[in-house]
Amino acid sequence: MTILKGQTEFLMGIDKVDQLATWLGEHPTAQGVAFIGRSNVGKSSLINAIFGKSTARVSKTPGRTRQVNVFKFFWLPEGEKVPKEYFLFDVPGYGHAEVSKEMGKNWQLLLDTFFKSITGKVLLLNLQDARHPLQDADLQFQDYIKHFELETYLVFNKVDKLKTQSERSVLQKQMPAIYERNKWVKQIYFASAEKGNNVDKVIDGMMTFLLRL
Ligand SMILES: Nc1nc2c(ncn2[C@@H]2O[C@H](COP(=O)(O)OP(=O)(O)OP(=O)(O)O)[C@@H](O)[C@H]2O)c(=O)[nH]1
Ligand SMILES: [Mg+2]
């Protein structure tokens, strides 16, 4: 069971609500995965770790790409000869303090359009920063996204940045609250897109979801 790395294809970046609605209307049965999370949390990095180097652009300037990026990826289930085709969505998230009100409104409409139309056939991978779990923007996003009843996995990324014992124990202490607050999500991972920790586990989780479709 493998994702055919290096064969993931960028299709388009969509920043207009009409265009997104049209695309979704033309792909009513789109299956796949969507990555969403605060700007700079490591969505593109995790996508690259899973789908092959330089699939998505990794930026050091947060919040530049305010569009839903659509990719196509291929996956060869065990025992099959022909790869299956799925969609991958890189959705640069919420928490851009610096954007204008107008841009913010358009963005909210894009998100509404997207989450309303993707069916139970798209798995949501919500990334958060392992150093700062349960931030306001993340909690607000979760309160919003819960209502769409999409299957959601939570990935706490950048665990490699927890270098000292005391940094790690801060996270340990928050564990009960993290699990309590996130009872509604299907899986919780602690990973590093950069160093590779638990990326294989995230891939396994994705596969389990796709196999069930
Ligand atoms: N140490 C460490 N750095 C990471 C990790 N994941 C991402 N980064 C770094 O964090 C920065 C942002 O990563 P991106 O993958 O561009 O983040 P993004 O969520 O796609 O950001 P936007 O596209 O702006 O929403 C880059 O400098 C990455 O190298 C990680 O697991 N560990
Ligand atoms: Mg990105």
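In each ligand, atom 1 is the first atom listed, and ligand 1 is the first ligand listed.
- Against a heavy-atom cut-off of under 4.0 Å, Ser192 is close to the following atoms of ligand 1: 30 (C), 31 (O), 32 (N).
- Residue Glu151 forms a side-chain hydrogen bond (donor to acceptor under 3.5 Å, both in side chains) with just one option from Arg212, Gln187, Lys121, and that option is Arg212.
- A side-chain donor from one of Asp112 and Gln108 sits under 3.5 Å from a side-chain acceptor of the other.
- For atom 5 (C) of ligand 1, the nearest non-hydrogen atom from the set Lys158, Lys195, Arg131, Lys163 belongs to Lys158.
- Remark: the Ser44 side chain and the Asp90 side chain contain an N/O donor-acceptor pair separated by less than 3.5 Å.
- Partner of Phe156 under the ring-ring contact (aromatic ring centres under 6.0 Å, His included) criterion, out of Tyr179, Tyr189, Phe190: Phe190 alone.
- Residue contacts with ligand 1 for Lys43 involve both N, CA, C or O and side-chain atoms from C-beta outward (heavy atoms, distance under 4.0 Å).
- Each of the atoms 6 (N), 7 (C), 13 (O), 14 (P), 15 (O), 28 (C) of ligand 1 lies under 4.0 Å from some heavy atom of Ser45.
- Here Ser44 meets the criterion, with an N, O or S atom under 2.8 Å of the Mg ion (ligand 2).
- Checking only distances, Lys161 never comes within under 3.5 Å of ligand 1, N or O to N or O.
- Ligand 1 has no nitrogen or oxygen under 3.5 angstrom from a nitrogen or oxygen of Ala191.
- Residue-level proximity to ligand 1 for Asn157 is carried by the side chain, the only part with a heavy atom below 4.0 angstrom.
- You'll find the ring centres of Tyr153 and Phe209 outside the 6.0 Å limit.
- Checked against the 6.0 Å centroid threshold, Phe87 and Trp23 count as a close aromatic pair.
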